[in-house]
Novice: 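Supplied in C-alpha coordinates, the structure appears directly below.
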Amino acid sequence: MIVYDNRRDMVARVTGMRAAMVVLVRPMGRPWCSRWASVRPATEREQRQLQALARLHIQRRKGLRIPT
(Lines give C-alpha, C1' and ligand atoms only; values in the text may rest on other atoms or scores of the structure.)
Protein backbone atom coordinates (compact mmCIF):
# COMPACT_ATOMS: atom_id res chain seq x y z
CA MET A 1 0.00 0.00 0.00
CA ILE A 2 1.31 3.43 -0.90
CA VAL A 3 0.77 6.14 1.71
CA TYR A 4 1.73 9.73 2.43
CA ASP A 5 3.48 10.39 5.76
CA ASN A 6 2.35 13.79 7.03
CA ARG A 7 5.09 13.90 9.65
CA ARG A 8 7.89 13.64 7.06
CA ASP A 9 6.05 15.06 4.04
CA MET A 10 6.99 12.00 1.97
CA VAL A 11 5.21 9.32 0.02
CA ALA A 12 6.27 5.72 0.71
CA ARG A 13 5.26 2.07 0.55
CA VAL A 14 4.06 0.24 3.68
CA THR A 15 6.18 -2.85 4.27
CA GLY A 16 5.00 -3.86 7.73
CA MET A 17 3.05 -3.02 10.84
CA ARG A 18 3.98 -3.03 14.52
CA ALA A 19 1.11 -2.24 16.94
CA ALA A 20 0.23 1.43 16.23
CA MET A 21 3.27 1.90 13.96
CA VAL A 22 3.81 1.23 10.27
CA VAL A 23 7.13 0.50 8.61
CA LEU A 24 7.60 2.61 5.47
CA VAL A 25 10.23 2.47 2.75
CA ARG A 26 11.15 4.67 -0.22
CA PRO A 27 12.76 3.38 -3.46
CA MET A 28 16.24 4.07 -2.09
CA GLY A 29 15.60 1.35 0.48
CA ARG A 30 15.92 3.17 3.79
CA PRO A 31 12.99 2.18 6.07
CA TRP A 32 11.50 4.21 8.90
CA CYS A 33 8.61 3.84 11.34
CA SER A 34 5.69 6.21 11.64
CA ARG A 35 2.49 6.30 13.64
CA TRP A 36 -0.48 4.87 11.79
CA ALA A 37 -2.44 8.06 12.60
CA SER A 38 0.08 10.24 10.73
CA VAL A 39 -0.24 8.45 7.37
CA ARG A 40 -3.01 8.58 4.81
CA PRO A 41 -3.57 6.83 1.47
CA ALA A 42 -1.57 8.49 -1.29
CA THR A 43 -3.32 10.39 -4.05
CA GLU A 44 -2.79 9.42 -7.69
CA ARG A 45 -0.31 12.26 -8.06
CA GLU A 46 1.69 11.07 -5.03
CA GLN A 47 1.69 7.51 -6.38
CA ARG A 48 3.11 8.78 -9.68
CA GLN A 49 5.71 10.71 -7.69
CA LEU A 50 6.84 7.50 -5.96
CA GLN A 51 7.04 5.70 -9.32
CA ALA A 52 9.14 8.55 -10.73
CA LEU A 53 11.49 8.34 -7.75
CA ALA A 54 11.88 4.61 -8.34
CA ARG A 55 12.74 5.19 -12.02
CA LEU A 56 15.25 7.90 -11.07
CA HIS A 57 16.88 5.60 -8.53
CA ILE A 58 17.25 2.85 -11.16
CA GLN A 59 18.78 5.30 -13.66
CA ARG A 60 21.25 6.58 -11.08
CA ARG A 61 22.29 3.06 -10.13
CA LYS A 62 22.90 2.21 -13.78
CA GLY A 63 25.14 5.27 -14.10
CA LEU A 64 27.20 4.21 -11.08
CA ARG A 65 27.99 0.68 -12.28
CA ILE A 66 31.66 0.01 -12.86
CA PRO A 67 32.39 -2.36 -15.74
CA THR A 68 34.56 -5.34 -14.79
Novice: What are the two closest heavy atoms between Arg35 and Arg7, and how far apart are they?
Specialist: N-NH1, 4.2 Å
Novice: Once side-chain hydrogen bond (donor to acceptor under 3.5 Å, both in side chains) is applied, what residue pairs with a partner in residues 9-31 remain, sequence neighbours excluded?
Specialist: Tyr4-Asp9
Novice: To the nearest 0.5 Å, what is the distance between CZ on Arg61 and CG on Leu56?
Specialist: 12.5 Å
Novice: How long is the gap from CZ on Arg55 to CZ on Arg48, to the nearest 0.5 Å?
Specialist: 10.5 Å
Novice: Over all heavy atoms of both residues, which pair between Pro31 and Val23 is shortest? Give the atoms and the distance, please.
Specialist: CB-CG1, 4.3 Å
Novice: Looking only at non-hydrogen atoms, find the nearest pair between Cys33 and Met21 and report the distance.
Specialist: CB-CE, 3.8 Å
Novice: Measuring only between side-chain heavy atoms, which start at C-beta, is Gln47 closer than 4.5 Å to Val11?
Specialist: no
Novice: Is Glu46 close to Arg40 at the side-chain level, that is, under 4.5 Å between some pair of heavy atoms?
Specialist: yes
Novice: Can you list the steps and then say if Ser34 with Asp5 is a side chain to side chain donor-acceptor pair (under 3.5 Å)?
Specialist: CA-CA 8 Å; Ser34 187; Asp5 185 358; 3.2 Å; yes
Novice: Which Ile, Leu, Val, Met, Phe, Trp or Tyr residues join Trp36 in one cluster when any pair of side-chain heavy atoms under 4.5 Å counts as a link?
Specialist: Met1, Val3, Met10, Val14, Met17, Val22, Leu24, Trp32, Val39
